[in-house]
Each structure stands twice: as C-alpha cells, then as structure tokens.
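The structure appears below as structure tokens.
Hydrogens, waters and symmetry mates play no part in the numbers below; they use all other heavy atoms, side chains included. Order of the sequence lines sets the chain letters (A, B, ...), proteins ahead of strands, with each chain counted from 1.
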Amino acid sequence: MSEVLIKIDNILKKYDDNVVLDGLSLDIHEGEVVVVVGPSGCGKSTLLRCINALEPIQGGMITFRGEKIDGRSKTITALRQKIGMVFQSYELFPHKTILDNIILAPMKVQKRSRADARKEAEELLDRVGLLDKKDSFPRQLSGGQKQRVAIVRALCMHPDVLLFDEVTAALDPEMVREVLDVILSLAKQWKTMVIVTHEMSFARAVADRIIFIDQGKIVEEGTPSEFFDHPKTERAQAFLQTFTFDKVEKEA
Amino acid sequence: MTSLGLDVLFKGINMQRLLAGLWVSLRISLIAIAISIFLGLVVGWLMTRKNIVIKAITRVYLEIVRIMPQMVLLFIVFFGTTRLFGWNIDAEVSSVIVFSFWGVAEMSDLVRSSLISIPKHQYESAYALGMSEVQTYLSVIIPQTFRRLVPLAINLITRMIKTTSLVMMIGVVEVLKVGQQIIEANRKSSPNAAFGVYLTVFILYFIVCWPISMFSKKLEKKWS
C-alpha cells in the first residue's frame with residue numbers, strides 16, 4: 001500500500017464535557033479516496049475540521065507526512081496550504097470576483113505572480129465549465145457554480161489532499177450532480193480526498209474506503225461493496241436502512 | 001409683500017460672518033470625527049476580543065454615552081470640570097472632547113457590530129487556504145467590514161455635524177450663534193430676519209451634509 005499521508009492517532013475532541021471524537025484513529029494513504037459517513041452529529045465534520053486544525057483537539061495527535069498538525073504552531077499556514085478544504089456553504093469571498101477569489105491565496109500566501117496564478121485559475125475554471133464567469137461576483141452564481149468555484153479555489157493551491165465537508169448538502173438536487181462530477185474527475189486523477197457526504201450512491205462510486213462513524217468512534221470500515229452490500233455491524237445496517245424506503249402498502 | 005428677511009445677509013459682512021461660523025462648526029465636527037473614526041476602529045476591534053475586562057469597560061462607556069444627553073456632557077466638561085480640576089479649557093476644546101467621547105463610543109459599536117456580522121466561516125475558509133491571521137484580516141475581513149461600516153459611519157458623521165449646533169450653549173460662536181447675533185442686531189431694521197437667517201443656516205447645513213450622504217449612497221450602490 002502507498003505511503004501514509006495523514007495519520008490520525010487516537011484523537012479526543014470535546015466541547016466542554018461533550019465528547020465528539022472519542023479515541024479515533026485513521027490512516028489516510030496517498031492517492032486514496034476516503035468517504036466518511038454516519039448519522040448527523042456523529043462527529044464526521046468535526047473530524048475534517050480537526051485535520052486542518054480549525055478545531056483544536058484535546059488528546060491524541062494528527063500528523064501530515066510525519067509533521068504534527070497544531071493550530072498554534074508557526075508552521076500551520078504552510079501545512080494548511082497542503083490540505084485543501086471545501087465547505088458546505090461554499091464560503092467564497094463576496095467582495096471579490098470569481099477570479100480574484102481563486103488567485104488571492106496563491107498570490108498572498110504562495111507569492112506567485114498575478115499572471116501565473118491567473119493562467120492556472122483560468123485553466124481550472126475552464127475544466128469545470130465556468131471560465132465565462134471569471135469576472136462575475138459570487139452572488140451572481142448558482143449554488144452549484146459557487147461550489148465548483150470553491151473546489152477550483154482549493155485546487156489552485158496545489159494541495160496534497162482535499163477535504164470535502166458535505167459539499168452538496170446545501171444544494172438543490174439538480175445542482176448536486178455538477179459538483180459531484182467534478183469530484184469524480186479528481187478521483188480519476190489519483191487525488192487524495194477525504195469526503196464527508198450524505199450522498200450514498202456517490203459515496204459508493206467515488207470511495208476506495210468507507211468509514212462509518214457513530215458517536216465519535218469508527219464503527220465500521222471497508223470497501224464500498226463490503227460496507228453497502230454486507231454491512232457487518234448492526235448500527236451500520238440500521239444507518240443504511242434509513243436510505244431505503246419500502247413501497248407503501250395502503251391500509252385496507 | 002412681506003420681506004423674507006434675506007436682506008440682512010447682504011448688509012456689511014454678515015454672510016462672511018455666517019460662513020466663518022459654519023467653519024467653526026465644521027472644525028469642531030471634523031476633528032471629533034477624525035478622532036472618532038481612528039479610536040472607534042481600535043476600540044471596536046478590542047470589543048470583539050474575548051477579554052472580560054475590556055468588554056465590561058466598553059459596555060459601561062457605551063451605556064453612559066447612550067444615556068447622557070450631549071448637552072449635559074458639554075456642561076459637565078465645560079462648566080463642571082473647570083472648578084473641580086482647576087483647569088481652564090476653552091469652549092471649542094471642550095466641544096471636541098465631548099463630541100469625540102460620543103463619536104468614539106458610537107463608532108466603536110458600529111465597528112464591533114460590522115466585524116461580528118462577518119460569518120465565522122469566512123475566517124475559516126481563509127485559514128483553510130493557508131492564510132495567516134493578518135492576511136485574513138487585510139484581504140478578507142476588513143474589506144467586507146468596511147463595506148458594511150461605511151453607510152452606518154456616514155449616518156453617524158452627519159448626525160455629529162448637525163449636533164454641533166448645541167455647542168453654542170457653552171459659548172462657542174458657531175454658525176447658529178452668529179445667526180442669532182445677526183438677528184438680534186437687526187431687530188429694528190429687519191424684523192423678519194429670523195426667517196431668512198435660519199433658512200440660510202438650514203441651507204448651509206444641507207450643503208455640508210447632503211454630499212456626504214450622496215457619497216455614501218454611491219458607494220453602497222457600487223458595492224451591492
């Protein structure tokens with residue numbers, strides 16, 4: 001198996017007395033697509049936020065290529081450049097055009113020239129079919145378009161791993177597809193990704209490995225076919241049951 | 001036909017005197033506004049910090065300013081402190097102190113509310129792109145805060161300019177006081193002067209404040 005990129009080792013995350021992640025360990029390998037599923041409030045989004053130190057952890061350790069991830073360290077901005085993140089609510093910068101949204105961090109953080117950043121941003125925008133929107137403002141775009149821009153913005157930093165936090169949860173159903181297609185094409189290019197989603201058919205298609213979390217612990221993990229077709233634990237079975245509906249039998 | 005009382009304005013140097021009075025009003029408000037904007041930005045930012053002591057102090061300060069009529073503040077500073085501390089500050093300086101005291105409080109509250117109206121996720125998405133705290137503030141948070149702040153600040157600025165008409169109560173000869181003097185001096189020769197002079201004062205205030213509001217409208221339109 002390929003090299004371990006992110007090592008999550010026995011982490012504890014709590015808000016006051018409320019334990020959200022409870023001794024969770026997980027290795028993410030280079031080129032791997034890990035999909036994290038679980039009931040809402042199980043801690044899966046928190047897990048992603050801990051990986052790039054948006055949330056401090058109270059115990060255990062997360063390392064990226066052997067380097068400890070710590071929100072208070074001086075090297076955190078360098079590490080975060082390697083860890084791209086896309087949020088549920090897109091979070092484009094509303095006062096900047098699409099192009100400026102994308103090239104802001106490459107210019108400010110990586111000190112790349114405007115021309116260089118712009119060239120790459122335009123190529124990436126073209127790939128997701130939004131080149132004609134480069135001079136628009138975020139408010140002029142649909143949710144699906146905004147989310148594709150947010151993905152491009154993360155990609156333009158050349159991250160080694162991308163974290164997707166329920167990126168389609170705020171979208172209208174017909175816009176979900178256009179965003180998921182972009183992520184599927186990234187998976188084909190061997191991008192390392194950690195994806196939190198409620199789209200089970202997408203999870204099955206994109207994942208190399210499914211992680212099922214409940215109450216802050218990994219309850220089950222396996223390949224998509226193992227997990228979806230033959231879930232081993234009762235909790236996973238119950239969880240998957242919530243996505244299927246039996247035909248209504250009208251009462252006599 | 002009854003006279004509108006505008007004739008007094010053309011007697012002697014009355015018009016120049018009114019304009020000189022207007023300059024006094026503007027001088028007081030401009031200095032106070034400059035101080036309010038600068039300190040308001042600092043104090044407003046401090047108010048968003050989680051320090052309990054700073055929070056308590058700024059809270060009390062803000063409440064005092066809100067509750068106290070500006071005129072009472074003027075009287076306290078100009079008349080009240082003179083004997084108590086044995087100093088002799090002139091009326092114009094007292095006015096600048098009071099208007100700054102008021103302006104900083106209101107401005108910092110506007111800055112605070114504009115800052116906290118920026119969603120937490122805006123900070124996080126900037127951090128997630130590897131931006132430092134300083135870069136995040138400079139490129140993401142402050143530009144957005146500024147856009148929310150400008151219309152509110154301009155409203156405060158015009159209110160401050162208008163309220164300087166109170167400073168005549170502590171003896172500053174500003175535009176309104178000059179107007180009164182002109183009216184008094186011409187009571188016999190132009191009994192209708194009150195209308196003409198106050199109308200002129202009104203127009204002078206309008207000429208000062210209107211372009212400021214128009215500027216704000218223009219910016220809002222550009223940013224929306």
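Contacts between A/Ile83 and chain B at a heavy-atom distance below 4.5 Å involve the backbone alone (N, CA, C, O). At a 4.5 Å heavy-atom cutoff, the contact between A/Phe87 and chain B is made by side-chain atoms alone. Contact of A/Leu79 with chain B is not made at all, since no heavy-atom distance falls under 4.5 Å.
Looking only at side-chain heavy atoms (C-beta outward), A/Leu104 and B/Leu129 stay at 4.5 Å or farther from each other.
Note on residues 73-82 of chain B: no pairs pass salt bridge (charged side-chain N to carboxylate O under 4.0 Å, His left out), not counting sequence neighbours.
Put simply, of A/Gly84, A/Pro94, A/Ala154, A/Ala78, the one with the most heavy-atom pairs under 4.5 Å next to chain B is A/Pro94.
Legend: residues meeting side chain to side chain donor-acceptor pair (under 3.5 Å) with A/Thr63, ordered by chain and number and at least two apart, are absent. Residues that satisfy the side chain to side chain donor-acceptor pair (under 3.5 Å) test with A/Lys191, not counting sequence neighbours, are absent from this structure.
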With 3.5 angstrom as the limit, list the donor-acceptor pairs from chain A to chain B, or say none if there aren't any.
from: A/Arg49; atom 1: NH1; to: B/Glu124; atom 2: OE1; distance (Å): 2.8
from: A/Arg49; atom 1: NH1; to: B/Glu124; atom 2: OE2; distance (Å): 3.4
from: A/Arg49; atom 1: NH2; to: B/Glu124; atom 2: OE2; distance (Å): 2.6
from: A/Glu91; atom 1: O; to: B/Ser125; atom 2: OG; distance (Å): 3.3
from: A/Glu91; atom 1: OE1; to: B/Gln122; atom 2: NE2; distance (Å): 3.0
from: A/Leu92; atom 1: O; to: B/Gln122; atom 2: NE2; distance (Å): 2.9
from: A/His95; atom 1: NE2; to: B/Ser139; atom 2: O; distance (Å): 3.0
from: A/Lys108; atom 1: O; to: B/Gln135; atom 2: NE2; distance (Å): 3.1
from: A/Arg139; atom 1: NH2; to: B/Ser224; atom 2: O; distance (Å): 3.1

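The number of heavy atoms from other shown groups lying within 6.0 Å of CZ (B/Phe75) is above 12. By the 6.0 Å contact criterion, CZ on B/Phe79 is enclosed, its count of non-hydrogen atoms from other residues, nucleotides or ligands being greater than 12. Enclosure of atom CD1 in B/Ile52 is not indicated, since only 12 or fewer non-hydrogen atoms of other residues, nucleotides or ligands lie within 6.0 angstrom.
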